[in-house]
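Written below as structure tokens is the structure these notes are about.
Naming: A, B, ... by sequence-line order, numbering from 1 per chain.
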There are 2 protein chains.
Amino acid sequence: MDESQVIGALSALSQETRLRMLRYLVKAGPAGAPAGEIGEAVGSSSSRNSFHLNALAQAGLITSQRQSRRIIYRVDFAKVGAMVGYLVQDCCGGNAQVLACCQPGCCDGEGGV
Amino acid sequence: MDESQVIGALSALSQETRLRMLRYLVKAGPAGAPAGEIGEAVGSSSSRNSFHLNALAQAGLITSQRQSRRIIYRVDFAKVGAMVGYLVQDCCGGNAQVLACCQPGCCDGEGGV
DNA sequence: TCCATTATTCAATAACTCTTGATATATTGA
DNA sequence: TCAATATATCAAGAGTTATTGAATAATGGA
């Protein structure tokens, strides 16, 4: 993943509706979820929903597949991982403090940053 | 770190000049670097430089400290870590594939995504 | 074929972001 | 105090992004 792809991915995620969409799709797992269900979950209506799902797909973070009348969206974990990996390794040079934050419980709750 | 802080941080990094500034400051380490040096390194002039450094500082990703005539900027690794940690843990639920990409060499070179 | 469902596209508008060049502020040394 | 250095701020303009409501397209069932 090169710099401009990373910027595209970060840009896609730097928006409330889209960040929530990704989170919802992560929970949905490999089965994915149809557009309407995602829209309902994050509270975005019809055209707005398509707009944001398209932005995530353009960035490569999710994929789409028609299934009868519905369009199923799924997280592309390899792409999300590549983006995070770029931040941690390429950008932060594998900094130990940054790496530590990737572990569960590191930055949670009261003690969090 | 809450959702809106994460969005602010992602938004700050989803820009070529600022992503390069952060990378430069990571390399500079704890000593940090003065604004002018950063601007020269990333190729941004005076006002543009201030604009982008301010954006990174507003997002909490870097700190500033006057030192005589210069203003020294430094990466706040805790904040960068918190952002990455949010993506990996809160947003991706600690997904194994995403976590694996945080390790050195995972997504480098030819085999990369 | 007709209708309902599901989702996308389009046009208009509002809001935000980035760049530029000019100006202003803070600090230091002569 | 004056000039030089280092940086920040301001105003205008171009470009981009997000929202809305209406219209369009694709699919499946009566």
Side-chain angles (χ1 to χ4, degrees), chain A residues 3-25 28 31-75 83, chain B residues 3-25 28 31-75 83:
Chain A
E3 190 190 59
S4 75
Q5 285 179 295
V6 171
I7 289 171
L10 291 169
S11 182
L13 286 187
S14 65
Q15 209 278 350
E16 197 179 20
T17 300
R18 292 195 293 261
L19 190 59
R20 289 177 182 174
M21 283 173 155
L22 189 81
R23 200 200 313 268
Y24 186 78
L25 285 174
E37 186 184 311
I38 302 167
E40 197 163 333
V42 306
S44 86
S45 56
S46 197
S47 68
R48 213 169 133 231
N49 205 42
S50 286
F51 175 79
H52 289 300
L53 285 170
N54 182 57
L56 287 168
Q58 282 295 116
L61 297 171
I62 65 176
T63 60
S64 68
Q65 181 189 27
R66 181 174 281 277
Q67 208 165 87
S68 165
R69 266 189 283 213
R70 318 193 149 167
I71 306 227
I72 307 298
Y73 286 91
R74 293 183 181 84
V75 174
M83 180 196 74
Chain B
E3 190 191 58
S4 75
Q5 286 180 295
V6 171
I7 289 171
L10 291 169
S11 181
L13 286 186
S14 64
Q15 209 277 350
E16 196 180 21
T17 301
R18 293 195 294 260
L19 189 60
R20 288 178 183 174
M21 284 172 156
L22 189 82
R23 200 198 315 267
Y24 186 78
L25 285 175
E37 186 184 312
I38 302 168
E40 198 162 332
V42 306
S44 85
S45 57
S46 195
S47 68
R48 216 169 131 230
N49 207 40
S50 288
F51 175 79
H52 289 301
L53 285 170
N54 182 57
L56 286 168
Q58 282 295 116
L61 296 170
I62 65 176
T63 60
S64 68
Q65 180 188 27
R66 181 174 282 277
Q67 207 166 89
S68 164
R69 264 189 285 215
R70 317 192 149 165
I71 307 224
I72 307 298
Y73 287 90
R74 292 183 182 85
V75 175
M83 181 195 74

- Query: Out of curiosity, A/Gln15 CD to A/His52 NE2, how far, rounded to the nearest 0.5 Å?
  - Reply: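 The NE2 atom of A/His52 is 4.5 Å from CD of A/Gln15, to the nearest 0.5 Å.
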- Supply the atom-to-atom distance A/Ile72 CD1 to A/Leu25 CG, rounded to the nearest 0.5 angstrom.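 Going from CD1 on A/Ile72 over to CG on A/Leu25, the span is 10.0 Å.
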Proximal nucleotide (of [options]) relative to the [X] side chain:
X       : options                : result
A/Pro34 : C/dC18, D/dA8, C/dA7   : C/dA7
B/Arg18 : C/dC18, C/dC10, C/dG21 : C/dC18
B/Ser50 : D/dT19, D/dT7, D/dC10  : D/dT7

- Using rotation axes that map the C1' atoms of four end pairs onto the next four (five pairs an end), what angle separates the end axes of the helix from C/dT1-D/dA30 to C/dA30-D/dT1, to 10°?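 Here the helix ends are tilted 10° relative to one another.
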Give every donor-acceptor pair under 3.5 Å between a side-chain atom in residues 35-47 of chain B and any protein atom, sequence neighbours left out.
{"from": "B/Glu37", "atom 1": "OE2", "to": "B/Tyr24", "atom 2": "OH", "distance (Å)": "2.7"}
{"from": "B/Ser44", "atom 1": "OG", "to": "B/Asn49", "atom 2": "OD1", "distance (Å)": "2.9"}

- Message: If the cut-off is 4.0 Å, is B/Tyr73 near the phosphate of D/dA6, judged by side-chain N/O to OP1 or OP2?
- Response: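 Negative; the distance criterion is not met.
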Would you kindly give the [atom1]-to-[atom2] distance between [X] and [N], to the nearest whole Å?
X       : N      : atom1 : atom2 : answer
B/Arg70 : C/dA26 : CZ    : C1'   : 14 Å
B/Leu53 : D/dT7  : CG    : P     : 9 Å
A/Asn54 : C/dA7  : CG    : C1'   : 12 Å
B/Arg48 : D/dA12 : CZ    : P     : 22 Å
A/Leu19 : D/dA18 : CG    : P     : 13 Å
B/Ile7  : C/dT17 : CD1   : P     : 13 Å
B/His52 : D/dT7  : NE2   : C1'   : 15 Å
B/Ile72 : D/dA6  : CD1   : P     : 12 Å

- Sequence neighbours left out, what pairs pass salt bridge (Lys or Arg N to Asp or Glu O under 4.0 Å) with at least one residue falling in residues 5-19 of chain B?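 Every pair satisfying salt bridge (Lys or Arg N to Asp or Glu O under 4.0 Å) with a residue in residues 5-19 of chain B: B/Glu16-B/Arg20.
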May I have the list of side-chain donor-acceptor pairs in residues 55-68 of chain B shorter than 3.5 Å, sequence neighbours left out?
{"from": "B/Gln65", "atom 1": "OE1", "to": "B/Arg74", "atom 2": "NH1", "distance (Å)": "2.9"}
{"from": "B/Arg66", "atom 1": "NH1", "to": "B/Ser68", "atom 2": "O", "distance (Å)": "3.2"}

- Contact residues, residues 39-46 of chain B to DNA chain C [heavy atom, < 4.0 Å]: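 None, since no heavy atom is under 4.0 Å.
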Give me the atom names and distance for the closest heavy-atom approach of [X] to [Y].
X       : Y       : result
A/Ser14 : A/Ser11 : OG-O, 2.9 Å
A/Tyr73 : A/Leu53 : CE1-CD1, 3.5 Å
A/Leu19 : B/Ile7  : CD2-CG1, 3.8 Å

Enumerate all atom pairs, one protein N or O and one N or O from nucleotides 27-30 of chain D, separated by less than 3.5 Å.
{"from": "D/dG28", "atom 1": "OP1", "to": "A/Ser68", "atom 2": "OG", "distance (Å)": "3.3"}

